[in-house]
Protein chains: 2
Amino acid sequence: MTMAKRLTIREVAAAAGVSTQTVSRVINNHPDVAPETFARVQAVIEKTGYEPNMLARGLTQGRSHVLGVVVYGLDYFGPSRVVAAIERQAAEMGYGISLNLILGTESDGVGQMLSNLRSRQVDGIIWAIPEVGDNRAWMRTHGRDLPVPVMLVGGMAGVACLPCIGIDNAAIGRLATEHLLAGGARHVGIVTGPRTWWEAEQRLQGWRETIAAAGHTVDESLIIEGDWTVDSGEQALYRMIEAHPEIDAVFASNDQMALGAIYGAHKTGRRVPEDLSVVGVDNIAEASHFWPPLTTVHQPLAEIGVMAVQVIDQMIMETPPLRRSQEVQPEVRLLEPELVVRDSSRSVRRSSIVE
Amino acid sequence: MTMAKRLTIREVAAAAGVSTQTVSRVINNHPDVAPETFARVQAVIEKTGYEPNMLARGLTQGRSHVLGVVVYGLDYFGPSRVVAAIERQAAEMGYGISLNLILGTESDGVGQMLSNLRSRQVDGIIWAIPEVGDNRAWMRTHGRDLPVPVMLVGGMAGVACLPCIGIDNAAIGRLATEHLLAGGARHVGIVTGPRTWWEAEQRLQGWRETIAAAGHTVDESLIIEGDWTVDSGEQALYRMIEAHPEIDAVFASNDQMALGAIYGAHKTGRRVPEDLSVVGVDNIAEASHFWPPLTTVHQPLAEIGVMAVQVIDQMIMETPPLRRSQEVQPEVRLLEPELVVRDSSRSVRRSSIVE
DNA sequence: CTGAAAGCGCTTACAG
DNA sequence: CTGAAAGCGCTTACAG
């Protein structure tokens, strides 16, 4: 049985005493088959364990029932959650996933990757790469040449006239900063992600808006750039303290940098949250057990993955493809983040008790 | 240009004034083509941007150049690292990846998944599912029926007569426990993973051996079962303290539970490492900035992913497939873990200074 | 409701 | 070194 030659539709047809055509109708659930015939063919299929060859099916149908997923940083929290959700939803809808990882955030090797995806005749491409540097320009140039529907996830909202789903990153910055101000903070610093990242800039933008809206002046020296790593969060805190000893709150643009900031606070003898409030972003599994437990901003990543698949499926099904012309702005959907309050930040009630 | 019909080999042939056959030779780098002809065809291909249809190629060759990867828990540290490494190595070697996620660890839905994989004519399957409960029996029963090479990753070493690559989990337990004892610990508890997991049992086994080898008696009540989550680590610590107030070291079977144990130590007023040494497993990105920084055991996960692809490629290339008969025990390779010493555990020198 | 024919885009022997 | 023919395993119109 091992390595056995696989059955073909022809053999099933012969065994059932019908044409291959009829077997095809049965396995595709076509309506026009006599119930009795259907049952007979079905019986043979079940007995023999016949499985249609998707390569052959793909060749005739001109589609592979596979979605190409291009991702950066599968090791990280966000991407891995999104990909997991995409896979589950895709499986649910009958798609396979062709996983393609990108190492750097530059557009090197992307041409090769897209070429592979086209070769494999994927039905659509989900592009889960953050907008970094010249990415946007690249997508704008090449995005429309792709012979299949493309869906942008996470970054590049409104870019290149392609549909997109992501998180409102400015809202993340606002949520975190408003919370810190509401807790009584007067000097709120921010540790950003790499400034070349669109997400990082948007979170910073939210911080700016909120600081300004509260009537404070936006001091540029309160902005320190990190690189998403724990260590960069720690170093950022030291620089911040040096420039602004009066600092009493930090918004770190992800949980790892928030952890670094908390660590730095411990090292320099600052109590969190009494001396320094800290808020992160992501709500990683560990966040609830940091010391102190981390206040952070949750992003609905699984929802994004699910929706991405639903939207692209819809695009695939639109035959003939509606002209996704420049005039019609494609849908851009941004989901709202959610604040998760824990002990690393002073809350209104708490601070009044403490003081 | 958008949604343009794709070129076929026939059109390239016509443009180059040769037969499709010759174009096929060129794109497959066959030797027997006149240099001049080769160049002419190549020029047409480059000018037109022709890309061969892998579905058609797969149909004729009987292989898809795709590897099926079945994974549990992509959200987690281990699996995401391994998958990332697999994808990179596979791309390097010309394979695409069909990603298939499993939700639970039971064998539900696995049949369906394998059926899909067969349908898609994958060249081989990399099975990165931990050995849990009846998994092993299931694999033993069905593993050999698969019509393609299968490679086990991470779990089920030596199971089902299939080749396997993983980590020596008993060595992880030994490494951690020896380190704790060397640091002067006299009462070393262990927080295990779920006892249905083979990995968890192996790490426990390493702990047992080491405790016994050091001349201590193995007290079963020092063994507390966790479920890999931070919270379970915290709860486990409380139970351990209750049963054994004299406890002075804990080996947590992953970093998250180690974090939970540290958290619980703080809560109960114990200093780490002075009162309680803690060691974890994984060396997640955050571990270096826990408070205190976590001593942990690193697993060479990327290496595992790379090797898995190399081995399965070799199996695929073996044509005709050597009889992988029951008599020949297939290769099982276990890589060695590595201890990463930080501040959460007393080291020999340190403890002598402290005391 | 069912089947014979043609074709999807390649590659594999087989001639020359 | 090159090409005409057949075929991979399906599905798509088209008859009946």
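Just so it is clear: chains get the letters A, B, ... in the order the sequence lines come, proteins before strands, and each one is counted from 1. The structure displayed is predicted, hence computed values, not measured ones.
- Rounded to whole angstrom, the span from the CG atom of Asn53(A) across to the P atom of dG7(D) amounts to 18 Å.
- Among the nucleotides dA13(C), dG9(C), dG3(C), the one closest to the side chain of Gln21(B) is dA13(C).
- In this structure, CZ of Arg57(B) is placed 18 Å from P of dG9(D), rounded to the nearest angstrom.
- Side-chain N/O atoms of Ser24(B) include none lying less than 4.0 angstrom from OP1 or OP2 on dC10(C).
- With a cut-off of 3.5 Å on both pairing distances, dA13(D) has no Watson-Crick or G-U wobble partner at all.
- Evaluation of atom-type donor-acceptor distances gives a pair under 3.5 Å for the side chain of Arg25(B) against the base of dG3(D).
- For Asn28(A), taking side-chain heavy atoms from C-beta onward, the closest of the listed nucleotides dC10(C), dT11(D), dG3(D) is dT11(D).
- For Val18(A), counting side-chain heavy atoms from C-beta on, the closest listed nucleotide (dC10(C), dT11(D), dG3(C)) is dG3(C).
- Less than 4.0 Å separates DNA chain D from at least one heavy atom of each of the following residues of residues 31-44 of chain B: Asp32(B), Val33(B), Ala34(B), Thr37(B).
- Listed nucleotides dT11(D), dT11(C), dG9(C) differ in distance to Thr20(B); the shortest reach to its side chain belongs to dT11(C).
- Atom-to-atom, CD of Gln61(A) to P of dG9(D) comes out at 17 Å; the value is rounded to the nearest Å.
- More than 12 heavy atoms of other residues, nucleotides or ligands lie within 6.0 Å of CZ in Phe38(B), so this atom counts as buried by the packing criterion.
- Distance, His30(A) NE2 to dT11(D) P: 8 Å, rounded to whole Å.
- Distances shown here put every side-chain N or O of Thr60(B) at or beyond 4.0 Å from the OP1 or OP2 atom of dC8(D).
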